[in-house]
Undergrad: 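This is the structure, below, for whatever I ask next.
Start at 1 with the first residue, then count along the sequence. Computed from heavy atoms alone, side chains included, the values below leave out hydrogens, waters and symmetry copies.
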Amino acid sequence: MDLSIIIVNYEAWPDTACLVQRIQQLTSRIDQSVEIIVVDNGSRSHPLAKYCESGSEITCIRAESNRGFAAGVNLGWRASRGEYILVMNPDLVLLPTFLEGVNRWINQLRREACRQIGVVGFRLYSPNGAPQHSTGFFPTLWWTVLGLLFPRERRKYRLGPRRVDQVDWVSGACFMVRRSVFETLHGMDERFFLYYEEVDFCWRAWKKKWQVVHDPQVGVIHLRPLEQRTVAPKLRVVLRHSLLHYFQKNLPYWQFMVMAVGVSIQA
């Protein structure tokens, strides 16, 4: 198997079913073998769920509860067979040439000159065609505090380079990873329930000498990015926990303590 596409679903069966159907429509345009793995994080039953559980090329994994995005991705890649893993949010609309772009990247990554590229991120677009911020710098205390002066969609993310280039990290909404990278890193850190799991994943990839690149010429439409939605109080707590976990895990202890105090005051 060349490519495993993992979709982590939670209460988004209509989006997931549409995405699965679109993938099936476009796979005929590429010369790679493709499997689709839908991981459901304990959603309620829905009539469209049956569509995602049928077909020889579709595998549906039902988790008993919602353990978060990272845990869902890990369930998917461990059940996958592909040499490359494409992780996708359900609320994506694939542009006609998207899988052709993925196909080109797979062929390119098999070349000796690209053997150190481990993670590839793609351009995200809003429904109106405007590019979304889909890359970022690794967080620091100063940059995180300074980010509070910017709109929410710019606090964590950046627009990304105008051509294929290396970046610190790419958005987890749509990115492709070598299977060997997942195996080396033992998947995503499941202590991140939501948010910053892709930042941590790319941080660890760089530490293992894998390169992370972003291709702005290959893109998808991202319908409902979290940064542009109203965040409920419970979800806000989850997001702050993810930020603090990242600081505790990857940055000096004093920076974590300063951030913890700041978060407690903000709360």
Side-chain angles (χ1 to χ4, degrees), residues 6-13 15-16 38-44 61-77 87-92 121 124 132-141 143-158 168-175 185-204 222-251 253 255-267:
I6 298 174
I7 306 168
V8 179
N9 171 75
Y10 178 67
E11 303 292 3
W13 285 116
D15 284 343
T16 300
V38 176
V39 179
D40 177 58
N41 269 342
S43 302
R44 292 168 291 184
I61 302 172
R62 294 288 201 114
E64 294 183 357
S65 62
N66 185 5
R67 294 173 48 217
F69 179 75
V73 171
N74 287 345
L75 282 175
W77 83 261
V87 179
M88 308 185 78
N89 275 12
D91 61 331
L92 298 179
L124 302 177
Q132 293 178 10
H133 294 70
S134 52
T135 71
F137 302 119
F138 289 126
T140 63
L141 178 62
W143 189 253
T144 303
V145 173
L146 183 64
L148 296 176
L149 302 176
F150 294 95
R152 280 181 54 213
E153 62 269 19
R154 294 179 57 194
R155 292 178 185 176
K156 176 186 174 188
Y157 295 94
R158 299 294 172 265
D168 283 1
W169 58 268
V170 295
S171 170
C174 184
F175 69 114
L185 302 182
H186 306 290
M188 288 189 154
D189 184 344
E190 298 183 12
R191 290 173 291 181
F192 293 96
F193 184 86
L194 184 66
Y195 229 48
Y196 283 96
E197 62 280 300
E198 80 273 59
V199 184
D200 174 74
F201 186 83
C202 291
W203 170 264
R204 291 187 290 130
H222 190 196
L223 297 177
R224 291 177 292 277
L226 182 62
E227 294 75 28
Q228 298 178 13
R229 288 184 274 154
T230 301
V231 179
K234 286 185 178 180
L235 182 55
R236 190 175 294 113
V237 172
V238 170
L239 302 184
R240 290 173 178 172
H241 175 271
S242 293
L243 175 62
L244 288 177
H245 177 53
Y246 182 89
F247 267 73
Q248 183 181 36
K249 179 180 178 182
N250 298 313
L251 293 170
Y253 182 73
Q255 292 195 25
F256 161 71
M257 289 301 298
V258 172
M259 183 56 60
V261 172
V263 167
S264 65
I265 294 174
Q266 188 180 18

Undergrad: I need the minimum non-hydrogen distance between Cys174 and Leu124, along with the two atoms involved.
TA: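 Of all heavy-atom pairs spanning Cys174 and Leu124, the closest is CB-CD2, 4.1 Å.
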Undergrad: Looking at Arg224 and Asp91, would you say the former's side chain and the latter's main chain have a donor-acceptor pair under 3.5 Å?
TA: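 Absent.
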Undergrad: Tell me whether Lys249 is salt-bridged to Asp189, with the criterion being a basic N under 4.0 Å from an acidic carboxylate O.
TA: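 Salt bridge: yes.
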Undergrad: Of all residues at least two apart in sequence or in a different chain, which pass the side chain to side chain contact (heavy atoms under 4.5 Å, CB included) check with Thr140?
TA: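 Thr140 satisfies side chain to side chain contact (heavy atoms under 4.5 Å, CB included) with Trp142, Trp143 only.
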Undergrad: If you look at every heavy atom in Cys202 and Asp168, which pair is closest and at what distance?
TA: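 So the minimum-distance heavy-atom pair works out to CB-O, 3.6 Å.
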Undergrad: Would you give the length of the straight line joining atom CG of Leu243 to atom CE of Met259, rounded to the nearest 0.5 angstrom?
TA: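 Taking CG in Leu243 and CE in Met259, the distance rounds to 5.5 Å.
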Undergrad: What distance separates Asp40 CG from Trp13 CH2, expressed to the nearest 0.5 Å?
TA: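 Reported value, rounded in 0.5 Å steps: 4.0 Å.
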Undergrad: Output yes when a side-chain donor or acceptor of Trp169 lies under 3.5 Å from a complementary backbone atom of Phe137, and no otherwise.
TA: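 Yes.
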Undergrad: Find the distance between CE (Met257) and CD (Gln248) and round it off to the nearest 0.5 Å.
TA: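 So the CE of Met257 and the CD of Gln248 are separated by 10.0 Å.
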Undergrad: So which atom in Asn66 and which in Phe193 form the shortest heavy-atom distance, rounded to 0.1 Å?
TA: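 Smallest heavy-atom distance, with atoms named: O-CE1, 3.3 Å.
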Undergrad: So, does Asn74 use its side chain to make a donor-acceptor pair with the main chain of Met188 at under 3.5 Å?
TA: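 Yes; judged by distance alone, with no hydrogens or angles, the pair exists.
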Undergrad: Roughly how far apart are Arg191 CZ and Glu197 CD, rounded to 0.5 Å?
TA: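 Here the interatomic distance stands at 13.5 Å.
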Undergrad: Just jot down the side chain to side chain contact (heavy atoms under 4.5 Å, CB included) partners of Asn250, sequence neighbours excluded, or say none.
TA: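 Counting only residues at least two positions away or on another chain, Asn250 forms a side chain to side chain contact (heavy atoms under 4.5 Å, CB included) with Asp200, Trp203, Tyr246.
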Undergrad: Show the nearest heavy-atom pair for residues Leu75 and Ala63, with the distance to one decimal.
TA: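 Distance-wise, the nearest heavy atoms are CD1-CB, 4.1 Å.
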Undergrad: Quick one: are Val258 and Phe247 in side-chain contact, heavy atoms under 4.5 Å?
TA: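 Contact flag for Val258/Phe247 side chains = no.
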Undergrad: Which atom names give the shortest non-hydrogen contact between His222 and Ala173, and what distance separates them?
TA: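 Heavy atoms of His222 and Ala173 come nearest at CE1-CB, 3.9 Å.
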Undergrad: Without swapping roles, check the side chain of Asn41 against the backbone of Gly68 for a donor-acceptor pair under 3.5 Å.
TA: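 Yes, because the side chain of Asn41 sits within donor-acceptor range (under 3.5 Å) of the backbone of Gly68.
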Undergrad: Measuring from Leu92:CG to Leu223:CG, what's the distance to the nearest 0.5 Å?
TA: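 Result: 7.5 Å between the selected atoms.
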Undergrad: Working note: His245 + Tyr196, criterion ring-ring contact (aromatic ring centres under 6.0 Å, His included); need CA distance, chi angles, decisive distance, verdict.
TA: CA-CA 9 Å; His245 177 53; Tyr196 283 96; over 10 Å; no
Undergrad: Just how far is it from atom CE of Met88 to atom CG of Asn9, taken to the nearest 0.5 Å?
TA: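 Separation between the atoms: 14.0 Å.
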Undergrad: Spell out, as yes or no, whether a donor-acceptor pair under 3.5 Å connects the side chain of Ser242 to the backbone of Tyr195.
TA: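 Answer holds: yes.
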Undergrad: Quick check: does any side chain N or O of Gln132 sit under 3.5 Å from a backbone N or O of Pro225, one acting as donor and the other as acceptor?
TA: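 Answer holds: no.
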Undergrad: For Glu11, check salt bridge (charged side-chain N to carboxylate O under 4.0 Å, His left out) against everything at least two apart and list the hits.
TA: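 So Glu11 forms a salt bridge (charged side-chain N to carboxylate O under 4.0 Å, His left out) with Arg44.
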Undergrad: What heavy-atom pair brings Trp77 and His186 nearest, and what distance separates the two atoms?
TA: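 Closest heavy-atom pair between Trp77 and His186: CZ2-C, 4.2 Å.
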